[in-house]
Structures are given as C-alpha cells and as structure tokens.
There are 2 protein chains.
Amino acid sequence: MTTTDAPVRLLLADDHPVVRAGLRAVLETEPDFTIAADVPTAEAAVDLAGRLEVDVVLMDLQFGGRMLGVQATAEITARPGAPRVLVLTTYDSDADILAAIEAGATGYLLKDAPPEELAAAVRTAAAGKSALAPTIALRLMDRMRTPATALSRRETEVLQLVADGLSNAKISKQLFLSQATVKSHLVHIYAKLGVDSRTSAVAAATARGLIRR
Amino acid sequence: MTTTDAPVRLLLADDHPVVRAGLRAVLETEPDFTIAADVPTAEAAVDLAGRLEVDVVLMDLQFGGRMLGVQATAEITARPGAPRVLVLTTYDSDADILAAIEAGATGYLLKDAPPEELAAAVRTAAAGKSALAPTIALRLMDRMRTPATALSRRETEVLQLVADGLSNAKISKQLFLSQATVKSHLVHIYAKLGVDSRTSAVAAATARGLIRR
DNA sequence: CCCGGCATCAATCAAAAGGTGGAGCGGCGG
DNA sequence: CCGCCGCTCCACCTTTTGATTGATGCCGGG
C-alpha cells in the first residue's frame, strides 16, 4: 500500500488544541512526516481516517472527558486497508492499555514521551510493528509475570461498580447475580490485591491502573 | 516594574515536551508575547522565575505524577516583585483550584482551552487581574452558592483518607480522633453529598472534584 | 480425559460501617 | 453577648460487609 521510504502521512486526533499544536510542532520537524490533518473529536478521526489516505493515526483516548478513543480505534482498524493507530494518552492504566490493544491499536504511548521517542514510535507503527512506551512495556511484563495482580474480566467489572459506589445488592442486580456471587468475586479481588475492604481495593486498583476513574 | 504596553515575557513550566511545544506554538503567534524559557520541572521554574525577568509563569500542577506545581507557585509568588503565576492544568478539581489560588496563583486554566482564551488569560494575568476559565469560574460560583456541596476542611481530610482505602479505625488513629468523630464526620459528608456509603461518597466526591486523584 | 481456573451460588458467623440522638467546646460575626 | 457552625465525643441499634467453607457447571490446555 505504502512504500516504506515514502513520507509517513499522519492524522492527529486530540481534543486539546495545545496538544495538537504541540504534536504538529514536534512531528513537523521530521522531514519524512507529513501531517494530513488534525481533529478535535473522535468522530472526525474516524471520518478522516477513511477519507484521507493516512498511514498512522495518533489517537488520544479521552475526548472531552469521555473515553471515545477506544471505539474510534476499533472502527478505524476494522476497515480493510486501515491505517495504523497509535494511542497517545496521559494515563497508563492497565484497563486502558488492554482495551486499546484489543481495539486494534498498533502502539501505546504516554504524552510525557520525549519527541524522539514519539517520532521513533510513529516510524515503528508506520512499518506495521508494535510500538509500546517503555513504561507500558514494563507494566505489561509485570502483568504477565505476576498474574496474581491481574483481575479477571468479571472481577474487574465488579470492582468497577464498587468504585462507582454501588452496594453489593445494587451490583448483584446490575449484573444479574446473587449477592453471594458478588461477595465471592470480592473475596478473590481482595486476595489478589492484598487488601481487605472495598475502599482499599478501589484505592489499590486505581493506583495500579486496573480500573478507570 | 513592567509597563503595560511592553511585550509580555513568559515562562512555561510543564513536564510534557509536547505540551511545551504546543504552548510555544500557540503563544508565539501572539506578537506581544515573548517566551523567555520553557522548563520541564517545578524546581527549574522556581529558579528561572527568580533569575529571568518574566511577567507571567504558565505553571502545570502535575510534574511526573507529583503535585509540585502548588509548592512552586507558592515559592514564586512569595518573593517580592514576583511574576504572576497562571496555573494551567488538565483537571478541574475543587481541591486543586483552591490550593492553587491559596498558593498565590493569579489564574486557573484548563489545558483544553482554545488558544484565544489562553492568550486572553495571559494578558489578563499580566495586567495583574484574576483569570479563571469559564468552567472554573462556574464551579467556584457553584461552590459558593451551594455550601451544602462544600465539605469542610476536616471533612475533606477524612474523605481523602477514606478514598485512600483506610478504615475508620485507621483514620481515627491517623488524625488522632475517636472513631465516633470519624463516623460523625462521615455522616455529615454523606448528607452533603447525598449518598449513604463510603464508596459512593468517594465516587461522588471524585466526580465533583472535591478530592484528589 | 482430567485438572485448574473462572463463574456461579449457599449458609453462617464476626466485624465494620451506617443511623439516630444527644452533648460539650471554641471561634467568629451579627 | 449570643447564636451558629465546625469539631469533638458517647451510646445504642441496624445493616452491610467480610471471612470461611463448601458445592456446581463450564471451558480450555496439558
């Protein structure tokens, strides 16, 4: 589709004008990069990613407080001949990283990355290879190595509702479970996180980026 | 000290290279702005704010995950003939805003602000007037108007520890209180937030930006 | 094919948290 | 000066949560 030596065509998607300007400034200095467009919404990113011929989309995860980046990533990568999507966000939460990768992201970077790292990641992504920030890579390794810290899908789901302030009764109704099951999940969650109460579980999980907040 | 029509000299302090580049790009287009320097740490900001002759410091609150911006702001504004400090951050939490203002910040902006708003705020700050983002101003008004949502200092303190996952027993020890007092505070907190459990209190307070994280 | 992890549910007891009502003290402003 | 509010504490009772033990069905890998 695109030869490796041709300029890399970029689409920037971030709701912060300052960040878009910053990315432009940082990436425009690279002679082999061309910035096709920058957009402030996830919808515009999905739209332009299809209509413009771009190689890499730099995608933020949060748009105006909402987490629309993941859906946008999924929609973009679902199409045939889709560009690579490089997720660029402020937070390094396990949940976000996994979600982004599952949605088809080629890489995951943090916004505090130095310009060189950013440019390198874009080139890596353009070449179709996976680009993970060192911090992220470490976290994933950690997660693999100690599966104890990794909560199961269902457990994460329950814990998220706990973090939202729901009681066991409410959670059981919301998930169509018995309270016994909710309690059971919580026992396992506490064991994995090394805590003994719902509030400390939420605190620990938030600190480790296991749940959203 | 500085005549009002002279160029406004700026110092940018933010740990994200991309944001610094973005701010440069956005503010350099204003003919009456001069960017004296940009720094990636709070320490450097304090240092240069004293040695360079700048009019306004654009200060981030988070530096590498730490909240050093408030201290830096306090140190800068404490000196005689200090420049104005304009806090520019991602989050709009009540606690952060109040802390920044108490530390002597002249204004408080969100990073998702459009460039014009940013430039306007810088001019306002340079003129010595207070510059608050509309969202922030609204929040503060709200806080004033409905003191019900405003937690007292002590209540906020207790709730923060709850959010950190501590039990009532731990909280009472940490704050040198009886458990009765902690419970009493919690009852008031629940009433003010319209909730009935610690987890939902944390959720509500986090959503309203009453507590950190 | 069988084991282990995941998800589901039950029963019971102990502990923590929440609800209610009351009370004393110190500061600040009308 | 007095009342209000924030902060502190007590006692009693109810509800929720946590701890323990145990059981069932499903699914996927060795």
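Residue numbering restarts at 1 for every chain, and letters A, B, ... go by the order of the sequence lines. No experiment lies behind these values; they were computed from the predicted model shown.
Taking atom CD of residue B:Gln179 and atom P of nucleotide C:dA15, one finds them 14 Å apart after rounding to whole Å. With rounding to whole Å, B:Arg153 atom CZ is found 15 Å from C:dG27 atom C1'. Atom CG of B:Asn168 and atom C1' of C:dG18 are 9 Å apart (whole Å). The NE2 atom of A:His188 sits 15 Å away from the P atom of C:dG4 (whole-angstrom rounding). Nucleotide C:dC6 holds its P atom 16 Å from the CG atom of A:Leu177, rounded to whole Å. For the pair A:Leu175 CG and C:dC9 P, the computed distance is 10 Å after rounding to whole Å.
When all heavy atoms of A:Pro83 and A:Val56 are compared, the pair lying nearest together is CB-N, 4.3 Å. Residues A:Ala201 and A:Tyr190 share a closest heavy-atom pair of CB-CE2, 3.8 Å.
At least one side-chain heavy atom of B:Leu118 sits under 4.5 Å from a side-chain heavy atom of A:Val18. Under the 4.5 Å side-chain criterion, counting only non-hydrogen atoms from C-beta, B:Leu109 is in contact with B:Leu86.
No donor-acceptor distance shorter than 3.5 angstrom exists from the side chain of B:Ser184 to the backbone of B:Ala180, with no hydrogens or angles considered. Of the possible donor and acceptor atoms, one in the side chain of A:Arg9 sits under 3.5 Å from a partner among the backbone N and O of A:Glu53.
The phosphate of C:dA7 has OP1 or OP2 within less than 4.0 Å of a side-chain N or O from A:Ser152. At least one side-chain nitrogen or oxygen of A:Thr181 sits closer than 4.0 Å to the OP1 or OP2 atom of C:dC9. Taking only side-chain nitrogens and oxygens, A:His185 comes nearer than 4.0 Å to OP1 or OP2 of C:dT8.
Both B:Lys183 and B:Ser197 sit near DNA chain D, but only B:Lys183 has its closest nucleotide nearer the 5' end. Each of B:Ser184 and B:Arg198 was matched to the nucleotide of DNA chain C holding its nearest heavy atom; the match closer to the 5' end belongs to B:Arg198. Each of A:Asp196 and B:Ser178 was matched to the nucleotide of DNA chain D holding its nearest heavy atom; the match closer to the 5' end belongs to B:Ser178.
For DNA chain D, the contact window with chain B, defined by any atom under 4.0 Å from a protein heavy atom, covers D:dC7 to D:dC10 in 5' to 3' order.
Exactly one of B:Thr90, B:Val70, B:Asp14 qualifies for a side-chain contact (heavy atoms from CB on, under 4.5 Å) with B:Leu61. That residue is B:Val70.
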